[in-house]
J.: 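Okay, handing you the structure first.
Letters A, B, ... mirror the listed sequences (proteins, then strands); counts begin at 1.
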Protein chains: 2
Amino acid sequence: MSDDLARILTARGYRLTAARRVILDTLSESGEHLTADELTEQVRQRSTAIGRMTVYRTLDLLCDLGLMRPVYQGTGAAHYVLMRDGHHHHLICTGCGRVVEFDECALDEAHEKIARRFGFEVEGHLLEFYGVCEVCRSKAAAN
Amino acid sequence: MSDDLARILTARGYRLTAARRVILDTLSESGEHLTADELTEQVRQRSTAIGRMTVYRTLDLLCDLGLMRPVYQGTGAAHYVLMRDGHHHHLICTGCGRVVEFDECALDEAHEKIARRFGFEVEGHLLEFYGVCEVCRSKAAAN
DNA sequence: TCTATAATTGATACAAAGTATCATTTATAA
DNA sequence: TTATAAATGATACTTTGTATCAATTATAGA
């Protein structure tokens with residue numbers, strides 16, 4: 001998984017440094033939706049000497065390359081999600097904040113239409129559904 | 001436009017204060033995608049004495065009510081978008097950062113499917129396409 | 001393999017964004 | 001008109017993100 005990311009980096013002329021390797025590994029192994037500082041913490045459990053700046057910069061780079069994307073999840077900090085194959089989809093419970101990812105999406109024709117209409121070359125997308133999960137709904141009903 | 005928002009606030013038991021009125025007006029009249037501090041600045045051109053905290057709190061409230069949503073747009077600050085009818089769709093140029101909004105979307109069946117599958121009661125969604133706009137593409141081609 | 005070079009790093013310091021608190025003010029219901 | 005709880009805004013603070021720069025390191029080419 002992280003090998004894929006690594007390969008893209010080198011293919012695009014970026015260097016595969018020790019720090020980046022650790023960061024990519026951590027990203028692909030840990031659950032997603034981490035903030036930059038949460039990721040820094042996890043990265044440091046593997047390799048103490050990696051600086052916060054490097055994590056921030058690596059995330060920026062991955063975003064520039066379209067491989068990740070920052071999203072909001074309530075708090076002030078950006079949470080980063082992987083854009084596998086260029087897209088990412090999730091459900092967010094507006095009650096408890098739980099995030100559920102899902103894969104399938106039916107946006108291929110929309111892709112095309114939008115691309116043609118606005119002259120964009122579309123590379124990916126993020127789709128977020130907001131709603132109330134089962135648990136939160138039954139809690140609300142109980143009140 | 002801002003009347004709609006105001007009506008929802010009062011209907012849900014929130015008070016329609018002078019500060020909120022100004023903030024709602026500013027939000028609906030100005031272009032969207034403002035950060036909290038940008039909005040504060042604009043609000044203060046209409047009514048000097050409104051505090052930054054009030055703007056932050058009002059945005060939080062509107063997000064809680066599902067009327068707005070913070071999104072990222074490159075910089076560190078959250079940009080807030082209105083969720084008209086519960087959804088919002090835009091294209092972001094990864095070259096120049098330009099944002100184009102569009103209305104139509106074909107997610108009604110997806111809505112249903114997801115709702116059933118995960119037990120969510122879906123209330124809205126955000127759809128972001130990423131790509132390269134015409135201008136940036138021709139620039140890239142020229143190099 | 002070794003070396004030159006430019007990319008990358010991490011420490012530091014800083015700026016910007018967001019949050020907590022609390023006395024004061026104000027919209028609303030009765 | 002008044003009592004009351006909601007909302008405000010000033011202040012101080014924490015967290016998140018950015019700029020800078022000397023030191024380090026991955027890579028291409030000898």
Side-chain angles (χ1 to χ4, degrees), chain A residues 3 5-26 33-65 68-80 97, chain B residues 3 5-26 33-65 68-80 97:
Chain A
D3 288 349
L5 297 175
R7 218 166 291 129
I8 297 175
L9 280 195
T10 51
R12 300 247 204 153
Y14 295 95
R15 293 185 178 174
L16 196 48
T17 64
R20 283 183 179 160
R21 251 184 258 267
V22 176
I23 293 170
L24 295 182
D25 285 348
T26 308
H33 305 284
L34 297 173
T35 67
D37 283 333
E38 285 167 357
L39 178 57
T40 302
E41 217 174 308
Q42 294 207 11
V43 160
R44 280 193 169 143
Q45 286 172 13
R46 300 179 181 220
S47 187
T48 342
I50 293 176
R52 200 169 73 105
M53 274 309 300
T54 301
V55 175
Y56 271 87
R57 277 186 290 227
T58 303
L59 286 171
D60 277 353
L61 175 59
L62 294 171
C63 288
D64 283 350
L65 294 175
M68 298 197 85
R69 185 81 200 166
V71 299
Y72 259 104
Q73 230 140 271
T75 76
H79 291 248
Y80 289 82
Chain B
D3 288 349
L5 298 175
R7 216 168 293 129
I8 297 174
L9 281 195
T10 53
R12 299 248 204 154
Y14 295 95
R15 294 185 177 174
L16 196 49
T17 65
R20 282 183 180 161
R21 251 185 257 268
V22 175
I23 293 169
L24 295 182
D25 287 348
T26 309
H33 306 284
L34 298 172
T35 67
D37 284 333
E38 285 167 357
L39 178 57
T40 301
E41 218 174 307
Q42 294 207 10
V43 160
R44 279 191 168 146
Q45 286 173 11
R46 301 180 181 219
S47 187
T48 342
I50 293 175
R52 199 168 74 106
M53 273 310 300
T54 300
V55 175
Y56 272 85
R57 277 186 290 227
T58 303
L59 286 171
D60 277 354
L61 175 57
L62 293 171
C63 288
D64 282 350
L65 294 175
M68 299 197 84
R69 185 79 201 169
V71 300
Y72 263 104
Q73 228 141 271
T75 73
H79 291 248
Y80 289 84

J.: Tell me the interatomic distance from A:His79, atom NE2, to D:dG17, atom C1', rounded to whole angstroms.
T.: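 Spelled out: NE2 on A:His79 to C1' on D:dG17 is 14 Å.
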J.: Does B:Gly76 or B:Tyr14 map to a spot on DNA chain D nearer the 5' end, using the closest nucleotide for each?
T.: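 Nearest-nucleotide comparison on DNA chain D picks B:Tyr14.
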J.: Return whichever of A:Val55 or B:Tyr56 has its heavy-atom-nearest nucleotide of DNA chain C closer to the 5' end.
T.: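 Taking each residue's closest nucleotide, the earlier one in sequence belongs to A:Val55.
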J.: Could you walk me through whether A:Leu65 and A:Tyr14 pass the side chain to side chain contact (heavy atoms under 4.5 Å, CB included) test, one step at a time?
T.: CA-CA 11 Å; A:Leu65 294 175; A:Tyr14 295 95; 4.1 Å; yes
J.: Using heavy-atom distances to pick each residue's nearest nucleotide on DNA chain D, tell me which of A:Arg57 and B:Ile50 is more 5'.
T.: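 Result of the comparison: B:Ile50.
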J.: Within this structure, what is the CE-to-P distance between B:Met53 and C:dA23, rounded to whole angstrom?
T.: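 Distance check: B:Met53 CE to C:dA23 P gives 16 Å.
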J.: In terms of heavy-atom contacts, does OH of B:Tyr56 have more than 12 from other residues, nucleotides or ligands at under 6.0 Å?
T.: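 Yes, because the 6.0 Å sphere around OH of B:Tyr56 holds more than 12 heavy atoms from other groups.
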J.: With a 4.5 Å cut-off on side-chain heavy atoms, are A:Leu61 and A:Leu9 touching?
T.: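 Sidechains of A:Leu61 and A:Leu9: in contact.
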J.: Which part of the nucleic acid, if any, lies within reach of A:Tyr72 when heavy atoms closer than 4.0 Å are counted: base, sugar-phosphate only, or nothing?
T.: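 Sugar-phosphate contact only - A:Tyr72 comes under 4.0 Å of backbone atoms but never of a base.
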J.: Look at the side chain of A:Asp37 and decide which nucleotide, out of D:dT16, D:dA10, C:dG18, has an atom nearest to it.
T.: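 When the side chain of A:Asp37 is considered, D:dT16 is the closest of D:dT16, D:dA10, C:dG18.
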J.: B:Thr54 side chain N/O closer than 4.0 Å to the phosphate oxygens (OP1, OP2) of D:dG9?
T.: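 Checking B:Thr54 against D:dG9: at least one side-chain N or O falls below 4.0 Å of OP1 or OP2.
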J.: For the residue pair A:His79 and A:Leu34, establish whether any side-chain heavy-atom pair is separated by less than 4.5 Å.
T.: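 Of all side-chain heavy-atom pairs linking A:Leu34 with A:His79, none is under 4.5 Å.
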J.: Using OP1 and OP2 only, check whether a side-chain N or O of B:Arg20 sits under 4.0 Å from C:dA27.
T.: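 So the side chain of B:Arg20 is outside the cut-off, no N or O lying under 4.0 Å from OP1 or OP2 of C:dA27.
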J.: Suppose we call a contact any N or O donor and acceptor under 3.5 Å apart; does that hold for the side chain of A:Arg52 and the base of C:dG10?
T.: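 A donor-acceptor contact between them is absent.
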J.: Measure the distance from CG on A:Leu24 to P on C:dT8 and round it to the nearest whole Å.
T.: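 It works out to 13 Å between those atoms.
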J.: Rounding to an integer number of Å, can you tell me how far A:Leu34 CG sits from D:dT15 P?
T.: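 Computing the A:Leu34:CG to D:dT15:P distance gives 18 Å.
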J.: Whole angstrom is fine here: how far is it from CG in B:Leu9 over to C1' in C:dT28?
T.: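 Interatomic distance, CG of B:Leu9 to C1' of C:dT28: 15 Å.
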J.: In whole angstrom, what separates B:Glu41's CD from C:dA17's C1'?
T.: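 Those two atoms, CD and C1', are 14 Å apart.
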J.: Both B:Leu16 and A:Ala18 contact DNA chain C. Taking the nearest nucleotide for each, which residue is further toward the 5' end?
T.: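 Here A:Ala18 is the residue nearer the 5' end.
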J.: Taking the side chain of B:Arg15 as its heavy atoms from C-beta onward, which of D:dT27, C:dT28, C:dA20 lies nearest to it?
T.: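 Looking only at heavy atoms from C-beta outward on B:Arg15, the closest nucleotide is C:dT28.
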J.: What is the distance, rounded to the nearest whole Å, between atom CG of B:Asp60 and atom C1' of C:dG18?
T.: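 Between C1' of C:dG18 and CG of B:Asp60: 9 Å.
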J.: Heavy atoms, side chains only, cut-off 4.5 Å: are A:Thr40 and A:Val43 in contact?
T.: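 A side-chain contact is absent here, since even the closest heavy-atom pair is not under 4.5 Å.
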J.: I need the CZ-P distance between B:Arg21 and D:dA6, as an integer number of Å.
T.: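 Value for this atom pair: 19 Å.
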J.: OP1 or OP2 of D:dT8 less than 4.0 angstrom from a side-chain nitrogen or oxygen of B:Thr17, does that happen here?
T.: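 Result: yes.
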